[in-house]
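In what follows, chains are A, B, ... by sequence order, proteins preceding strands, each numbered from 1.
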Amino acid sequence: MPMEKTFDAKAAEPRLTALWQAAGAFRAGANAKPGAGPFSIMIPPPNVTGALHMGHAFNNTLQDVLTRWHRMRGDDVLWQPGTDHAGIATQMVVERELAKEGKVGRREMGREKFIARVWEQKKKSRGNIRAQLERLGASCDWSREAFTMSGAPGAPAGEEGNFHDAVIKVFVEMYHKGLIYRGKRLVNWDPQFETAISDLEVEQTEVDGFMWHFKYPLAGGASYEYVEKDADGNVVLRETRDWISIATTRPETMLGDGAVAVHPSDERYAPIVGKLCEIPVGPKAHRRLIPIIVDEYPDPLFGSGAVKITGAHDFNDYAVASRAGIPLYRLMDTRANMRTDGPRYAESVAVAMSVARKECTLSEAEIESVNLVPDELRGLHRFRRPEDTEPQARERVVAQITAEGLAVMTRADDPRLGKTRPGPDPGPRAEPGAAAGEEVPGQARDGVDLVPLVEARKIMQPFGDRSKVVIEPMLTDQWFVDTARIVQPALEAVRSGRTKIIPPSGEKTYYHWLENIEPWCISRQLWWGHQIPVWYGPGVDEQGRFTRDFSFRFCAVNDEEALEEATREYRRLANFNPDEIQVFADESVARQKLLDLREAEWKDIRAQQRDEFEELDWTVLPIYRDPDVLDTWFSSGLWPIGTLGWPEPTPELARYFPTSVLVTGQDILFFWVARMMMMQLAVVDDIPFRTVYLHGLVRDAKGKKMSKSLGNVIDPLEVIDEYGADALRFANAAMASLGGVLRLDTQRIAGYRNFGTKLWNACRFAEMNGVWEGHATRSEPPKASATANRWIIGEAARMRAEVDEALAAFRFDQAAAALYGFVWGKVCDWYVEFAKPLFDGPQAGETRAVMAWVLDQSLILLHPIMPFVTEALWQTTRADPGLLCHAPWPTYGEDLVDREAEREMRWVTGLIDAIRSARAEVHVPVGLKLGLVAVDWDAAAKAAWGRNEALIRRLARVEALTEGAAPKGSVAIPVEGATFAIPLAGVIDIAAEAARLQKALEKVEKDLSGIRGRLANPQFLASAKEEVVDEARARAETLEAEAAQIGAALARLRAMGGPG
RNA sequence: GGGCGGUUAGCUCAGCGGUAGAGCACUACGUUGACAUCGUAGUGGCCACUGGUUCGAUCCCAGUACCGCCCACCA
């Protein structure tokens, strides 16, 4: 059956995928030679409900190239696939689905049902990622597909696996080593998902914002002399003030201020340091007073130099407040609405005031219960969102202060005011300027009118990377990994070179981050994830009485063990009957249970005798599990060992860990790579991978980030539909130069599709000429006598070396370039053309054998990058093919390079090029066959001609050769060791030929003058390396000869008496 | 503000001490025993700028400008 003109990727790809799968071709260890060393890659797990995007396509192409390459080389290969449960992202997807289906929300559903629903969703989308990766040709071992939540409680059948065990085990161990701790800290709070997130999940974005300036009156009407000086110390302003000026971008947080801070060196405020000032919000009768303190943090040159300190809602303020012992007053709830809980405002203020006056100190819990939000602001959102029709807390606060005359005023024409007034918060995606409320109405220009100073300015605002809402710093109890204590080995592993990061700039970034690492907040207030294995029970006070604060903690691997441990502990403390301790899933139920106990039962249990104790109607002592789940990155941080079965001592773990290479985007260097390094080293005391290959973000052809809103997203599956997976893969490989920006251009993909067609047609040509008949694949080339055959064998050997070298150095672009250049530039452009005349000659047999070998090598060496078209060709061109993906990778060296043949082919192709070029320049019709005259040639040229005459005549389209002087009206063809002439009397324009030769001569002379100049410089001769000098001499000789030949031709032309 | 990159043909990028390269695009010609998803020939570059090192710099060093990315951030 004759081959089609093009490769039908659409039909072939599924067929080949099935062929590979049926053969188990990608199983761990498939095609491994006896005694082979391991090569393992862990896939960066995509989100389980996700879809493959271009970044994945790129990333997985590179992994697959490496995997296929090593597998063909006979290494013991594992490419471990799997997916990530992706806490926030997946929970978001499912909640959205629920909303779309009009079903009850997550909270109404309850935790257990909701998690079951997420597992359903997982089942639904299961196979998506796999199918998409298979379309790309990814040769993962799907029989080992892993999932970061496998084996978790509630996991349905088919999700057995022990990844969950691994995660819990690590938590428990780290807990007991003190590497994980719980604490009340200021964390980044996402009010959309109502969870804490880590620093890395916060995006700082510049948005249009406003800065308000307010007066905080001094307590009791006190006043001071405010003196402002310029840089030279001259007094520029002196006035008596009974207030201090404060600037803020977040007026609503004023309610929680604990102090006003100034720099210790700031003379302006020295007179009032230590005094109290008034927060100008809330009912006048209950104004709160706060101290004016000194701290290094305020910048005297910025704003008024005085900063309000809101320890519970700002990271810098938190640090100041901690240093100064200023209480931290939380103002908002989990949705960033102003708190509605706790005592009324008046009562809360009274408590806060007595703290400020140092009349009493409060415990953390007591501070927590204080709600300083004025009653009329309670329940409002922190600021007005687009969907809010009414002013929220921020606007109300501003209005109150302004109405009271405590806004700092300025001339209406103050340029700082900007054109707009504060409106609803625009969110991060809004266009610049969209923060606009209404335009400021025209003002009198005489300078008399004064308006509140509200500066319009760009401010950096933190947004949740998934929710895109403004992050609120919140004071909450969270779990942290004490990263400072596990970071050193991770740093050391890279410093020492045990793990290598490429490109090297990645190492610098890695060091920089790890050397300045912050504690890692690992608890998330979500439901989908690994629930933290910690249980809380009632505490026991010094008198041995139970307390209601659930301050006892037990860390264990599951409910049963937690119960056992709790029993042990309570028995020790209170001689307690284990049957009476129960685990509750829900904190509030547990607390209620505890409240239900009669007051008597609380009293001094330890003192009770056992029998007395039993008389009490004591039903149960509740303990409950921490409702939070772990940060997704905590579990994916264990991906390398977790997928290999750890903590079980599996053979795969022994075989494939540490893994060979991690291929991933540099955007998750911190999120994932650094954490895997730290965790693997902390848990199993070994590096997770020997090499980390980092690549950039895939962008569109113009270098823009692909995004739905820009509409420039290129779907890899659509690309595969249109051009085939091989084209996309080749484009990906070709883009992958180290450290470059990745711009994906569909034009380029089309070009590589054409490359596949080119290869296809070269094979089709071979097939039509019976090249494959009786051919057996072998790594050593057949013996050849024809120069072209000897030459192409050497070219193949060079290419093979280049490909191996490039892949070993992760230079996928260079490997791709070498293959492209060989297949198209050497095989198709020259060798196939040479073969045509050779097939008619005495060397037809050897030529067929060599062509078969050369195409075999092309298929083998291209296979890692273009698996489909190469496998398809492999299958169609031989009777008993086996699988190309298991074909042995060649190892022959450059000893196959035949220098003699190479030199001769250079001469032959040079002559052909020169003739073609000359013909084109003097406009000889392509179809016209011309005579050729050897005007002058040496023995080598004669011999080369003799051996390759048929090839030259065919490709240069010339007739038989004659010897003799250049005929009148001929074109001169100077080549090494010979000058040829093409008789064109009457056909050519002598002037045009003269111009052509003149141009050629000028170029040669320009080159020559450079080299002569260098050779004439004694310092060059003295300092340059010997071979450089020799090379220059040789080059000069060649150029001189060429110049002479052209000169002679020109002279002949002139002698002919032409117009030139 | 700190860190890391980049600036080479119209475009996208290689190269990185001694002849400036590729692909695409462009121009002209072309149904030549596989391929028009093609062939042949060609046009196109003070290798960002300024200094320095060197016999010699696109390449090494310093500075400048512009462009990216990451981290931190002034209330």
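Side-chain atoms of Gln814(A) stay outside donor-acceptor range of the base of A22(B), with no qualifying N/O pair under 3.5 Å.
Using C1' as the reference atom, G42(B) and A25(B) are 14 Å apart when rounded to the nearest Å. Nucleotides C47(B) and U19(B) place their C1' atoms 15 Å apart, quoted to the nearest Å. The gap from the C1' atom of A20(B) to that of A57(B) amounts to 13 Å, rounded to the nearest Å. Annotation: C35(B) and C49(B) have their C1' atoms spaced 47 Å apart (nearest Å). G30(B) and A36(B) have their C1' atoms separated by 11 Å, given to the nearest Å. Rounded to the nearest Å, the gap between the P atom of U50(B) and that of A65(B) is 15 Å. With both ends at atom P, the span from U40(B) to C24(B) equals 12 Å, rounded to whole Å. Taking atom C1' in both C70(B) and U64(B), the straight-line distance is 24 Å, to the nearest Å.
Closest approach to the Arg916(A) side chain among G39(B), U37(B), A41(B) is made by A41(B) (side chain taken as heavy atoms from C-beta onward). Among the nucleotides C55(B), G15(B), A75(B), the one closest to the side chain of Ser1023(A) is C55(B). In the set G5(B), U37(B), U12(B), U12(B) carries the atom at the smallest distance from any side-chain atom of Arg748(A). Of all nucleotides listed (A75(B), A14(B), C38(B)), C38(B) comes nearest to the side chain of Lys758(A). Side-chain proximity of Phe1020(A) to the nucleotides G18(B), C74(B), U19(B) is greatest for G18(B). For Asp299(A), the listed nucleotide lying nearest its side chain is A75(B); candidates were C4(B), C24(B), A75(B). For Arg457(A), counting side-chain heavy atoms from C-beta on, the closest listed nucleotide (G39(B), G5(B), A75(B)) is A75(B). In the set A41(B), C35(B), A72(B), the nucleotide with an atom closest to the side chain of Met460(A) is A72(B).
Among the heavy atoms of the strands lying under 4.0 Å from Lys5(A) are primed sugar atoms or P, OP1, OP2 only; no base atom is included. In this structure, Ala817(A) reaches neither bases nor backbone, as no heavy-atom distance under 4.0 Å exists between it and the strands shown. Nucleic acid contact class of Thr509(A) (heavy atoms, under 4.0 Å, all strands): none. Here Arg919(A) lies out of heavy-atom contact (under 4.0 Å) with every strand. Residue-level contact check: Phe839(A) touches neither bases nor backbone, having no heavy atom under 4.0 Å from any strand. Residue contacts shown for Arg753(A) include a base, since a base heavy atom lies under 4.0 Å away. Residue-level contact check: Gly305(A) touches the bases, meaning some heavy atom is under 4.0 Å from a base atom. Nucleic acid contact class of Asn769(A) (heavy atoms, under 4.0 Å, all strands): none. At a threshold of 4.0 angstrom between heavy atoms, the contacts of Glu203(A) with the nucleic acid are absent. Using a 4.0 Å heavy-atom distance criterion, Pro298(A) is classed as a base contact. Across all strands, Cys763(A) comes closer than 4.0 Å to no nucleic acid atom at all (heavy-atom distances). Residue-level contact check: Tyr820(A) touches the backbone only, with heavy atoms under 4.0 Å from sugar-phosphate atoms and none from bases.
Inspection of the Gln666(A) and His695(A) side chains reveals no N or O donor paired with an N or O acceptor under 3.5 Å.
Atom P of nucleotide C70(B) and atom CZ of Phe671(A) are separated by 11 Å, given to the nearest angstrom. Look at CG on Leu951(A): it is 20 Å from P on U32(B), rounded to the nearest Å. Atom CZ in Phe834(A) sits about 16 Å away from atom C1' in A34(B), given to the nearest Å.
Of all non-hydrogen atoms in Gly305(A) and Pro298(A), the two that sit nearest each other are O-CB, 3.7 Å. Contact between Val1028(A) and Phe1020(A) at its shortest, heavy atoms only, is CG1-CZ, 4.1 Å.
In summary, Glu795(A) and Lys826(A) engage in a salt bridge, as defined by a charged side-chain N under 4.0 Å from a carboxylate O. Between Arg1012(A) and Glu1040(A) there is a salt bridge, since a side-chain N of the basic residue sits under 4.0 Å from a carboxylate O of the acidic one. At a threshold of 4.0 Å, the pair Glu1042(A)-Lys1003(A) does not count as salt-bridged, since none of the basic side-chain nitrogens sits closer than that to a carboxylate oxygen.
C69(B) is paired with G3(B) under the criterion used here, namely a Watson-Crick or G-U wobble arrangement in which both key atom distances are under 3.5 Å. C38(B): Watson-Crick or G-U partner is G30(B), with both key distances under 3.5 Å. Partner assigned to A75(B) is none, using Watson-Crick or G-U wobble distances below 3.5 angstrom. Across all strands shown, C49(B) is found opposite G63(B) as a Watson-Crick or G-U wobble partner, with both distances under 3.5 Å. C11(B) is paired with G23(B) under the Watson-Crick or G-U wobble criterion, all donor-acceptor distances under 3.5 Å. Pairing for A57(B) is absent, judged as Watson-Crick or G-U wobble with the two contacts each under 3.5 Å.
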Checklist line | Evaluation steps, side-chain contact (heavy atoms from CB on, under 4.5 Å), between Arg675(A) and Leu200(A) | finding: CA-CA 12 Å; Arg675(A) 283 161 178 177; Leu200(A) 290 175; 3.4 Å; yes
Notebook entry, point to check: Can Glu1031(A) and Lys1025(A) be said to form a salt bridge (charged side-chain N to carboxylate O under 4.0 Å, His left out), step by step?
Noted result: CA-CA 10 Å; Glu1031(A) 212 179 287; Lys1025(A) 275 184 281 181; over 6 Å; no
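No side-chain donor-acceptor contact under 3.5 Å links Trp760(A) to the backbone of Met3(A). Of the possible polar contacts, none joining the Arg996(A) side chain to the Val971(A) backbone as a donor-acceptor pair under 3.5 Å is found.
Across the interface with RNA chain B, nearest-nucleotide mapping of Asn761(A) and Gln747(A) shows Gln747(A) to be the residue nearer the 5′ end. Nearest-nucleotide positions on RNA chain B place Lys508(A) closer to the 5' end than the other of Lys508(A) and Glu921(A).
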Notebook entry, point to check: Reading nucleotides 43-48 of chain B 5' to 3', which nucleotides get B (base under 4.0 Å from a protein heavy atom), which S (sugar-phosphate only), which -?
Noted result: S-----
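Asp1007(A) is linked by a side chain to side chain donor-acceptor pair (under 3.5 Å) to nothing, counting only residues two or more places apart in sequence or in another chain.
Listed by residue number, Lys1025(A), Val1028(A), Arg1035(A) are the residues of residues 1025-1037 of chain A with a heavy-atom contact under 4.0 Å to RNA chain B.
When side chains are defined from C-beta on, Thr847(A) counts as touching Phe839(A), because their heavy atoms get closer than 4.5 Å. With a 4.5 Å cut-off on side-chain heavy atoms, Lys5(A) and Arg764(A) count as touching.
With its ring centre under 5.5 Å from that of the base six-membered ring and a plane angle below 30°, Phe302(A) counts as stacked on C74(B).
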